[in-house]
Protein chains: 2
Amino acid sequence: MSSTDKVKKRTLIHDIARHLNVSIATVSFVLNGKAKEQRISDALAEKVLRYVEEVGYKPNQLAKSLRTGKTHVIGLIIEDISNPFFATVAWLIEKKAFGRGYRIIYCSTDNNTAKTKDLISMFQERHIDGYIIAPPEGIEEEVNSLLRSNKPTVLLDRYIPSLISDYVVVDGADGTYQAARHLLEQGFENVAFVTSESRQTQMEARLQGYSKALDEAGRAKNIKRFVVNFGEGLERLVSEIYSFIKNNREYDAIIFANNILSIYGLEAIARLGLRIPEDIGVISFDDHDLFRLHSPTITAIAQPVESLAENSIDVLLRKLEQTSEAEALVDTIVLPTSLIIRGSSMRKSGR
Amino acid sequence: MSSTDKVKKRTLIHDIARHLNVSIATVSFVLNGKAKEQRISDALAEKVLRYVEEVGYKPNQLAKSLRTGKTHVIGLIIEDISNPFFATVAWLIEKKAFGRGYRIIYCSTDNNTAKTKDLISMFQERHIDGYIIAPPEGIEEEVNSLLRSNKPTVLLDRYIPSLISDYVVVDGADGTYQAARHLLEQGFENVAFVTSESRQTQMEARLQGYSKALDEAGRAKNIKRFVVNFGEGLERLVSEIYSFIKNNREYDAIIFANNILSIYGLEAIARLGLRIPEDIGVISFDDHDLFRLHSPTITAIAQPVESLAENSIDVLLRKLEQTSEAEALVDTIVLPTSLIIRGSSMRKSGR
DNA sequence: ATGAAAGCGCTAACAG
DNA sequence: CTGTTAGCGCTTTCAT
């Protein structure tokens, strides 16, 4: 409106101080809740707040962060945002953090070590306050350096055995153990386990639960590992699973170690024209909308998504808000899974 | 190791300048690719680069951004990261932007106006360089203020009719038009349309395509709107759809206006014990893993996810990198959908 | 080529 | 209570 229209300058703390005839320091104190502490009168504080509100002044967070060293940003480094498991966890974490005044930046690693290093390095440059990471393989060094630099960091979904750190994971071994036992109880004779090439803790745990159950029952194991790439499209993997199943028809049940393998596995089974569970029983690690609606419905080892999110953000915020570094205790949280029994694993009559 | 062990200070530009006996300015120029321009000898430039590499010096981005006003961060504000459509788009956008040196911060609006305002305001405080937004309802004012402040902003998936802005959307009307015609051709008599309460452009377009097809064919329309909340759990919606279908058995086909409605709709149909497509034909707007694997497979109006991502990031980066504000031309891009015909909409024999 | 220095906008210590 | 001031770490102009 005025003749200075084009000089659309943002309001600065200086502007508001001058307008009110108070000092910059006063404004800063009031804005940072230090009015009482600095013995600033309620009336004045009130006046400042009102004016700030009126002109819609927002402090420049860059300047603030540069000065204080705090950004109130948490970096969430997950495997793949297009995977419903991670998407849901991310969404929940974001929600919880938001309420506590923290913002989340999330990035997908695609389980790619180099990309993850980039990500961590970028986050460091931006001075985020803390990390929640689902680490891919080969990232010990970077995570260790985060830990050593005292940046609050919690690992999610999997941990790094060689490092002492906070983490929040799931008891995957128990999940697959229960799943395998359930299949055997249902009369399946030969249970195979389909997993990925990854040696990460969560995948290995799932494998171990399966192994334990089969060993206890004195059954032969069949473990098949596939290479899982992100964003590759389904053809390769589906046809590899297709061949595997076709060439191993003595196996009458399969446990898939994650939802991607399960989905591709179901596609392969459909293409083979096999009936579930008559020809082949199926259990998936990780639940999915699909499994409720598939015909037949698919038994799944469900992860406590809500609880994973809640615990990881809680642990992180606790570290973030505790001033002393004294309490160097690490929180390692292991959450139970639950077996959701549906049609794909039921040979005996439903009740 | 040394006695100054605890003073684990980050390397600063000053440190590296001093170590090399050059000026801070020189280092800065070299680091910012202005060596040539400043006529700095290749030898010197090389030396600087090598030392920087050696000590792993990383400029403090906060300081840099404060000084330059550029953050190289793009804010991606989408509806719901736990929806596979948005998750995939987000993942693709992140990937493309990453390669071009930009980082993405994404947040979900949950289609909640207040939260979106918060988000935009937080992004402004952090001085991000540009926005990609899937705007919820009631957000015209904030988006308009972004536009007026000359922040590059592209709208995604839907636009705001009252605003002149860049956007990248899909031709939803054509999608549902084709879908409805396909159903009628297959001999379905009464096609219903299930959508949400939202009046956003993408939802209204889908509705219009349906209306047009039915009007042209001289058929009666049946449009049902449901309230869709995020993160609410499925019970309420499933049972509402259940009742709707149960009370409208004269309709022998339904087009669901998005993937959430489709998934819940399929659940409702399963609970009702209806056969697809014999009792009821089904088409979903938006494809999903589930639909390929469902029995029968579900016909879907697929959105060109890759192309949506590519176009929106391209448009944004173009705005970001063009210096002059002269070319105030807006890019409005409308991408075609494709009808993927599967079992759920086929009454006539497959060929 | 380079050194000095002026900020970017804010916090917080210090002396009144 | 307030004014002044020294940075936070970097870019960039200017004079040399």
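Every value quoted in this text rests on a predicted model; they were computed, and no experiment measured them.
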(message) Filter on salt bridge (Lys or Arg N to Asp or Glu O under 4.0 Å), then keep only pairs touching residues 118-139 of chain A, sequence neighbours left out; what's left?
(response) none

(message) Please give me every residue in residues 27-45 of chain B whose heavy atoms get under 4.0 Å of an atom in DNA chain C, ordered by residue number.
(response) B/Q38, B/R39, B/I40, B/S41, B/L44

(message) Can you list, in residue-number order, the parts of residues 58-70 of chain A that come under 4.0 Å of DNA chain C, counting heavy atoms only?
(response) A/P59, A/N60, A/A63, A/K64, A/R67, A/T68

Separation of [N] [atom2] from [X] [atom1] (nearest whole Å):
X: A/I13; N: D/dT5; atom1: CD1; atom2: P; answer: 17 Å
X: B/I16; N: D/dG9; atom1: CD1; atom2: P; answer: 16 Å
X: A/H14; N: C/dC8; atom1: NE2; atom2: P; answer: 11 Å
X: A/K47; N: D/dT2; atom1: NZ; atom2: C1'; answer: 13 Å
X: A/I24; N: C/dC10; atom1: CD1; atom2: P; answer: 9 Å
X: B/E125; N: C/dG9; atom1: CD; atom2: P; answer: 15 Å

(message) Check this for me, if you would: do B/D331 and B/R318 make a salt bridge, where the nitrogen-to-carboxylate-oxygen distance has to be below 4.0 angstrom?
(response) yes

(message) So that I can tick it off, tell me whether B/R50 and B/E46 are bridged by a salt bridge, with the cut-off set at under 4.0 angstrom between side-chain N and carboxylate O.
(response) yes

(request) Give me the bend of the helix from C/dA1-D/dT16 to C/dG16-D/dC1, using the axes of the five pairs at each end, rounded to 10°. (result) 50°

(message) Can you pull out every ring pair (Phe, Tyr, Trp, His ring centres under 6.0 Å) where at least one residue sits in residues 57-80 of chain B? Sequence neighbours excluded, please.
(response) B/H72-B/Y102

(message) Show me the pairs that pass ring pair (Phe, Tyr, Trp, His ring centres under 6.0 Å) and involve residues 105-164 of chain B, at least two apart or across chains.
(response) A/Y106-B/Y106, B/Y159-B/Y167

Once side-chain contact (heavy atoms from CB on, under 4.5 Å) is applied, do any residues pair with [X], and if so which ones, sequence neighbours excluded?
X: A/T68; answer: A/K70
X: B/R67; answer: none
X: B/K36; answer: B/D42
X: B/L163; answer: B/V143, B/N144, B/L147, B/I160

At less than 4.0 Å, is any side-chain N or O atom of [X] found next to OP1 or OP2 of [N]? Yes or no.
X: B/T26; N: C/dA1; value: no
X: A/Y57; N: C/dC10; value: yes
X: B/S23; N: C/dG3; value: yes

(request) Give the nucleotide from the list C/dG9, D/dC10, D/dG3 with an atom nearest to the side chain of A/L12. (result) C/dG9

(message) Restricting to ring pair (Phe, Tyr, Trp, His ring centres under 6.0 Å), what partner residues turn up for B/Y51, sequence neighbours left out?
(response) B/H19

(message) Could you work out, with salt bridge (charged side-chain N to carboxylate O under 4.0 Å, His left out) as the rule, every residue matching A/K96, not counting sequence neighbours?
(response) A/E306, A/E310

